[in-house]
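Below, read A as the first sequence line, B as the second, and so on, with proteins coming before strands; counting in each chain starts at 1.
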Amino acid sequence: MTEQSPSAAADYKDTVFLPQTDFPMKAGLAQKEPAILARWQDADLYRQLRDARKGREKFILHDGPPYANGDMHIGHALNHILKDMVCRTQSLLGKDAPYVPGWDCHGLPIEWKIEEQYRKKKLNKDEVDPVAFRAECRAYAQHWVDTQREQLKRLGILGDWDNPYLTMDFAAEATIVQELMKFAESGQLYRGAKPVMWSPVEKTALAEAEVEYQDVTSTQIDVAFEIVDAPNAPELVGAYAVIWTTTPWTIPVNQALAYGPDVYYHLLRDEDGNRYLVAFDLIEQFRSRTGLELRVLSGEASHSVAANVRNIGDNEILGTALAGATARHPMHALGGFFAKPRPFLPGDFVTTDAGTGLVHMSPDHGEDDFDLCKAHGIEPVFAVEGDGRYRDDWAWLGGADERRMSVINPKFNAPDGPICEDLRAAGALLSAGAFQHSYPHSWRSKARVIFRCTPQWFIPMDAPLTTGKTLRSTAMQAISDTRWVPAKGENRIRSMVEGRPDWVISRQRAWGVPITLFVNRKTGQYLRDPAVNARIVAAIRESGVDGWNEAAVPALLGPDYDPADYERVTDILDVWFDSGCTHAFVLESGKWPDLLRPEGYVGPKADLYLEGSDQHRGWFQSSLMESCGTRGHAPYKAVLTHGFTMDAKGMKMSKSLGNTIDPLTLIKDSGADILRLWALSVDFTEDHRIGKEILAGVSDQYRKLRNTFRYLLGALAGFSEKDEGVRVEDMPELERYVLHLLADMDAKLKQAVEDFDYNTYVRTLADFANNDLSAFFFDIRKDCLYCDIGPAAPQGTDKRRAYRTVLHVLFEALVRYAAPVLVFTAEEVWSTRYPDAGSVHLLEWPELPPLGDGNELIQRWARFRDLKDSVTGAIEPFRRDKVIHSSLEAEVTIRLKDALAADSAINLGTAELEELLIVSAASVAGFTDDDVAETRQIEVTRTEHHKCGRCWRHLPEVTEDGALCGRCSEMLA
RNA sequence: GGGCCGGUAGCUCAGGUGGUUAGAGCGUACGCCUGAUAAGCGUAAGGUCGGAGGUUCGAGUCCUCCUCGGCCCA
């Protein structure tokens, strides 16, 4: 029992309840998080959660494998935080949402790194045993898997980190081969000789994704081809057809000339009497490049070239007149290949945007060229080898070593290089100069790539299948059957699949899954024998990709085939094929029992794939193709995409600009929860930003949330629901109102989870904590919490008990809502209140106390809060004038029009009104003058009453400042 | 160069089918409190809705062009 001091200045602080908690205001996340992480690891939280959700509905997020190369960057962090949020929120909803992380391990970038090491050691990769080479690639990939795994774990990503999937696991490699064999057995493979992007430096074909465009300067040349025959335009014989190219190196393998059937061509004459055929629209360009004094041949004097006049006459012909014409190659004197006549062929692709309107065709080095020539029976000659040099026997270059440079060597193409020199000597070089344009380069070596015709393996998009459909039509249907979030992603992948060419799946490299085909040397057909294929798959499962080697051929072929009849394909698969198979070896293999649906559930699709929007062309598509080709449907039910993280100004982050944000540094400095809160606060469906100021804002938001929890913990000190709990129907209206607000928010959060709208999720949570709790509920009930307790009421008044009951409900709910976002902080909060309980992350979505319809209540209180705003606004001038400091010094009279006065929202008891408005006295009255325009007037005066020494309210019964008010003396009695 | 997407207060975001003075939270400034205290409460300032045209009685919201940025492609 506290003895009441006779002094009016007595300090009643000890008689007042103040929030008590060990939960520190300052987070110290960077130090704290690793310890929490260790606790989870020791307790095997991931397994605990699986056990806790055993038998529940599954939610399968299938992880897209990041490439095992380099440290985690901000994109990885965002992607994995989102995945973690998906799994955790689904798990919160009570589903079993396992997460098996994976890595993409094969492929050029890793191979390139190993080669780089070889080059430093002056070793030639071609002399190294491929088995040993692959072992090094494998070790390199494993190193980065291990590194990234630790970095992702530090982010608080909950997953089966001890059992990730790796595309280089033998079982995975075997499954990839098995999937490939499905394509083979169903006839969905063919070997073609198409020009493909080829890197002479890496000596391999490249996928689109492995190519990037850079602005470069090339040599542009105009070359004259003498017309030798022109059945439809005899006057052209002896004239020169002019072609323009930016790849002089392709001239030695020229095989035809293309014209535009709809293009008008002009015959021009220079001062020496040479005649040139050029598209009318391009004459000016041609003249400025060559510097020739050109005149229109046999034209009227008035018909100058400069004048944009078109007259079909003897000096102009339409492209179609070139049908059947032939020209000679500038080097025809060499004989053989060069002596053959070069036909003029009609090409739809010929435009008059640039050049001369006549296009030199080399089926070896251009897609249009290849197609047009093939249609006219002209085959590629394969004169350029894998390293970019012409074959030794290629006549023009005469085998001279100094001339046999790589065709991407600028010297080779230069105006004084071998090509131009010879053309000049032949009198065929009309111009040679610099030309700037965008040109494809290898993303690894940054060297120029070329189009080169090589034998490659393809999966056809439009070949009819046994289903009667094609791979393309099957994929288009699968796209329609999938939920795309955001919806615009569907358009994107749809247009890509509509227009994509056949899938080139072969690569001429070492580090990858082999294309395990045997090709019959006589027929050129690949072997389609399930028994052989089964042996192949078994061999790969046994010893990985090394199982496909020459020595193993007889055993693999078995007794029914003579190894001498078959060629073993030595190409490897495009890594996109690997990743396209992840659904097969992760979701279906049974190696991860957590991922298997419960008995009776049919449907091999993952619930969700979640990657950056660039994967519309990458993994989403390769998975779609692979699954459609083998299973007839997409491997996913829904696809969620996120945009890219830009710097603070919205610019792309790059090391060269120095504007990158390193997630590892950020975690070390501020903690993973800050990074998580950032990722879940931005609109990740679009490109979004990160920077110093943004992160400062995120930290502020974090602190607000943290302090909300701190207050709850402090205010709930010593609370026992059993002893203190109050039934909802016995609570004051304010408490019931807050419970309704909570229920409303709960519904919003659930919807946000359903929509994967995490930015709304976080904002809804923060707004509730700020507006409804901190600035309203907590503020009003501060007096009650602090003062409605004392020796006379050891557990506090009914009101206080009701308040604390609601605080308890709020705590239980908010800590669960926050858990998927602030994974570490929520655990800290939870363990502060319940040191002996298990992890907060095992809990399910909160069950709120049952409430009736709250619409009317919520609306009434919204009106009341509006009134409260008016009152605080009315007090403000008095504060500014220093008449009133604390709102507790104010007395207010609220004057209302009749209708408002009758409003039940306002019609509260005086005591309640004072409490809710946090003022000393409040009363409601009618207007003194009914003519006023406003519907509401607030009159404010400074209280005349003394201040209670305990609760600090100014009340009439307080005899002098520091004496006790009625309530307080009662409490202390 | 082409296709697609985006540009709302200092920051992060809201703004169904076009309709009164464009909103929230945070931050900022100022003030209060000093019993959530490197916390809490309040008030205020801040926006030519990327720019320019157009449709309409009326546009952040529809159309066109431009610009900046991004992704994909060439």
Side-chain angles (χ1 to χ4, degrees), chain A residues 11-21 23-26 208-209 211-213 353-354 367 437-440 486 488-489 491-496 499-500 612-618 621 641 643-652 677-678 680-683 685-704 706-715 757 759-760 762-771 774-776 778-780 782-783 785-787 868-869 871-873 875-882 884-889 918 950-952:
Chain A
D11 185 0
Y12 291 103
K13 189 166 179 173
D14 293 342
T15 73
V16 153
F17 171 93
L18 295 175
Q20 300 155 22
T21 178
F23 187 79
M25 190 141 55
K26 192 166 159 47
E208 301 282 1
V211 168
E212 61 188 28
Y213 286 74
D353 292 341
E367 222 169 342
H437 60 153
S438 178
Y439 190 85
K488 63 191 172 198
N491 292 333
R492 195 152 174 199
I493 193 163
R494 186 175 288 281
S495 62
M496 285 177 182
R500 68 160 294 158
S613 58
D614 58 334
Q615 296 304 322
H616 285 115
R617 182 158 289 275
Q621 198 176 144
T641 50
F644 285 73
T645 304
M646 302 295 135
D647 74 0
K649 292 173 185 157
M651 306 291 268
K652 181 185 184 141
L677 189 58
W678 162 78
L680 298 167
S681 298
V682 297
D683 180 2
T685 64
E686 296 289 345
D687 289 350
H688 47 267
R689 305 172 181 204
I690 192 167
K692 212 176 157 194
E693 188 182 8
I694 294 166
L695 287 166
V698 171
S699 293
D700 286 331
Q701 195 61 260
Y702 173 84
R703 246 176 268 125
K704 292 287 279 186
R706 185 179 177 87
N707 270 312
T708 300
F709 280 115
R710 183 163 185 268
Y711 174 82
L712 285 169
L713 287 166
D757 184 357
N759 145 38
T760 293
V762 168
R763 194 155 34 81
T764 301
L765 197 56
D767 284 355
F768 180 75
N770 294 330
N771 299 341
S774 189
F776 179 71
F778 295 168
D779 204 30
I780 288 170
K782 192 191 243 181
D783 172 79
L785 178 71
Y786 290 4
C787 302
K868 185 164 155 53
D869 287 344
V871 171
T872 41
I875 296 173
E876 192 59 23
F878 292 84
R879 304 176 101 144
R880 197 161 298 140
D881 296 343
K882 311 285 181 198
I884 291 174
H885 303 285
S886 162
S887 67
L888 284 172
E889 293 166 13
I918 320 183
R950 183 162 175 270
C951 70
W952 298 347

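- Note on A/K649: nothing from the nucleic acid sits closer than 4.0 angstrom, heavy atoms only.
- Side chain of A/K782, nearest nucleotide from B/A36, B/G27, B/A24: B/A36.
- Between B/G70 and B/G23, the distance separating the two P atoms is 33 Å to the nearest Å.
- Of the side-chain N and O atoms in A/K868, none sit less than 4.0 angstrom from OP1 or OP2 of B/G42.
- Rounded to whole Å, the separation between the P atoms of B/C13 and B/G42 comes to 25 Å.
- Taking only side-chain atoms of A/R710, from C-beta outward, the nucleotide of B/G25, B/G31, B/A36 with the closest atom is B/A36.
- A cation-pi contact, defined as under 6.0 Å to the ring centre and within 45° of the axis, is absent between A/R763 and A/F768.
- Nucleotides B/G58 and B/G18 are separated by 15 Å at their P atoms, to the nearest Å.
- Note that CZ of A/F778 is 4.0 Å distant from CG of A/L712, once rounded to the nearest 0.5 Å.
- Between A/K488 and B/C71, a side-chain N or O to OP1/OP2 separation shorter than 4.0 Å is absent.
- In the set B/C33, B/C71, B/A39, the nucleotide with an atom closest to the side chain of A/H885 is B/C33.
- Aromatic stacking of A/F778 on B/A36: not satisfied for centres closer than 5.5 Å together with planes under 30 degrees.
- Remark: P of B/C71 and CD1 of A/I493 are 18 Å apart, rounded to the nearest angstrom.
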**Study point:** Reading 5' to 3' through nucleotides 8-13 of chain B, protein heavy-atom contacts under 4.0 Å coded B for base, S for sugar-phosphate only, - for none
**Key:** --SSSS
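- For A/N491 and B/C5, the shortest distance from a side-chain N or O to OP1 or OP2 is not below 4.0 Å.
- Remark: the A/R950 side chain and the A/T15 side chain contain an N/O donor-acceptor pair separated by less than 3.5 Å.
- Applying the salt bridge (Lys or Arg N to Asp or Glu O under 4.0 Å) test to A/D700 and every residue at least two apart in sequence or in another chain returns A/R703.
- For the C1' atoms, the distance from B/U61 to B/C49 is 10 Å, rounded to whole Å.
- Nearest to the side chain of A/W952, among B/U34, B/G70, B/G31, sits B/U34.
- Across the protein-nucleic acid pair, A/E686 atom CD and B/G50 atom C1' stand 16 Å apart, rounded to whole Å.
- Ionic pairing of A/K488 and A/E686 is present here: one or more N-O contacts between side-chain nitrogen and carboxylate oxygen are shorter than 4.0 angstrom.
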Review point. For RNA chain B, what string of dots and brackets results from 5' to 3' when Watson-Crick and G-U pairs need both distances under 3.5 Å, crossing pairs get [ ], and pairs with another strand get |?
Key: (((((((..((((.....[...)))).(((((.......))))).....(((((..]....)))))))))))).
